[in-house]
Amino acid sequence: MNTFTLSIVEDFKRIIIEDNRYLKLIDGFFNTLKITFGALVIGVVIGIIVAAVRTSFDKNRESMKLHGGVGYYILGFFNFICKIYLTIIRGTPVVVQLMIIYFVILQSVTNGVIVGIVAFGINSGAYVAEIFRAGIMSVDEGQFEAGRSLGFNYLQTMKSIVIPQMFKAVLPTLLNEFIALLKETSVAGYVGVMDLTKSGNVIAGRTFNYVIPLAIVALVYLAVVMLLTSIVGKIERRLRKSDR
């Protein structure tokens, strides 16, 4: 080893290995995964509900309006609420949403990971909803008519015919949203959540060396994103093969 390499090795030992600081990075990495997976689950649930309300209203608006009844106004009200939710969440920075939830809405919650899961889940739900909505709207109208001809009602048609096709169409996009969500969680440190980025920053502040800790953080994110991107690519290729 030359002098430069030995210097890097010594700095790595001093900054990362001493005082078991690497454990802080490991804990931060697992907190990042917890927030990401938890937020994705919440986002998918919210996304399904919002997409179902919006597509149901769009597809049945004319017939419901023609027949009248309270159902039209109830569905219209929920569609209006969903539009407000989408406008606010997609129109404001995720950092601002995170701080509002941490300092205002969930100020009594002491576990920052839970706050992060809720905040990023609500944020992700707005984007997942539009992904699902686009997927449902992309399904040919003939599929709905085929369901009706089999005696299915609207909900049965959605459940048995439309939703399976929709998931197949949006799966790659949904996985890309998961990758974006993973990177977005790096701002969780703004509210004191000890995620991967925050852990690297804390180590850098204590050792007065920002190069090695932040380089490790960047490499970990890069490795995970490359792995997930590879998985998305394989899924897309299999879906293309199954369409032939």
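All figures in this text were calculated on a predicted structure; none of them were measured in a lab. When reading the values below, keep in mind they use all heavy atoms of this one structure, side chains included, and skip hydrogens, waters and symmetry mates.
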For residues 185-195, dump all side-chain donor-acceptor pairs below 3.5 Å to protein atoms at least two apart in sequence or in another chain.
unit_1 : atom_1 : unit_2 : atom_2 : d
Thr185 : OG1    : Leu182 : O      : 2.6
Ser186 : OG     : Lys183 : O      : 2.7
Asp195 : OD1    : Lys198 : N      : 3.1

Output side-chain donor-acceptor pairs under 3.5 Å for residues 127-137, partner residues at least two apart or in another chain, one line each.
unit_1 : atom_1 : unit_2 : atom_2 : d
Glu130 : OE2    : Arg54  : NH1    : 3.4
Arg133 : NH2    : Asp58  : OD2    : 2.8

Show me, pair by pair, the donor-acceptor contacts under 3.5 angstrom made by side chains of residues 211-229, not counting sequence neighbours?
unit_1 : atom_1 : unit_2 : atom_2 : d
Tyr221 : OH     : Thr197 : OG1    : 3.1
Thr229 : OG1    : Val225 : O      : 2.7

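Atom CZ of Phe12 sits about 10.5 Å away from atom OH of Tyr22, to the nearest 0.5 Å. The CZ atom of Phe30 sits 7.0 Å away from atom CG of Leu33, with the distance rounded to the nearest 0.5 Å. Separating the CG atom in Leu106 from the CD1 atom in Ile100 is a distance of 12.0 Å, to the nearest 0.5 Å. Between Asn79 atom CG and Ile74 atom CD1 the span is 13.5 Å, to the nearest 0.5 Å.
Under the 4.5 Å side-chain criterion, counting only non-hydrogen atoms from C-beta, Thr207 is not in contact with Glu18. Here the side chains of Lys24 and Ile203 are in contact, with some heavy-atom distance below 4.5 Å.
In this structure, Phe208 shares a hydrophobic cluster with no other residue, the cluster being traced through Ile, Leu, Val, Met, Phe, Trp and Tyr side chains under 4.5 angstrom apart.
If you chain together hydrophobic residues whose side chains sit under 4.5 Å apart, Ile35 and Val41 never meet in one group. The hydrophobic clustering, which links ILVMFWY residues whose side-chain heavy atoms are closer than 4.5 Å, places Val118 and Val113 together. Under a hydrophobic clustering in which Ile, Leu, Val, Met, Phe, Trp and Tyr are joined whenever their side-chain heavy atoms come within less than 4.5 Å, directly or via other members, Ile231 and Val44 fall into the same cluster.
Within the structure, no pair that satisfies the salt bridge (charged side-chain N to carboxylate O under 4.0 Å, His left out) test touches residues 222-233, not counting sequence neighbours. Here side-chain hydrogen bond (donor to acceptor under 3.5 Å, both in side chains) pairs that include residues 101-116, with residues two or more places apart or in two chains, number zero.
Within the 3.5 Å criterion, the main-chain N or O of Phe120 finds no donor-acceptor partner in the side chain of Glu184.
Applying the side chain to side chain donor-acceptor pair (under 3.5 Å) criterion to Ser124, with sequence neighbours excluded, gives Glu177. Here Ile42 pairs with Ile46, Ile117 under the side-chain contact (heavy atoms from CB on, under 4.5 Å) rule; sequence neighbours left out. Annotation: ring-ring contact (aromatic ring centres under 6.0 Å, His included) contacts of Phe37 (sequence neighbours excluded): Phe178. Here Thr87 pairs with nothing under the side chain to side chain donor-acceptor pair (under 3.5 Å) rule; sequence neighbours left out. For Asp19, the side chain to side chain donor-acceptor pair (under 3.5 Å) partners at least two apart in sequence or on another chain are Arg21. Remark: Arg206 pairs with no residue by the salt bridge (Lys or Arg N to Asp or Glu O under 4.0 Å) rule, at least two apart or across chains.
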Evaluate side chain to side chain contact (heavy atoms under 4.5 Å, CB included) for Leu196 paired with Asn31, printing each intermediate quantity in order.
-> CA-CA 7 Å; Leu196 179 60; Asn31 283 339; over 6 Å; no
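The minimum heavy-atom distance linking Tyr210 with Gly205 is given by the pair OH-CA, 3.9 Å. Scanning both residues, Ala126 and Ile89, for their nearest heavy atoms gives CB-CG2, 3.5 Å. Here the closest heavy-atom approach between residue Gly116 and residue Leu98 is recorded as CA-CD1, 4.3 Å. Annotation for Ala39 and Leu181: closest pair CB-CD2, 3.9 Å, computed over non-hydrogen atoms.
In this structure, Phe103 places its CZ atom where more than 12 heavy-atom neighbours from other residues, nucleotides or ligands lie under 6.0 Å away.
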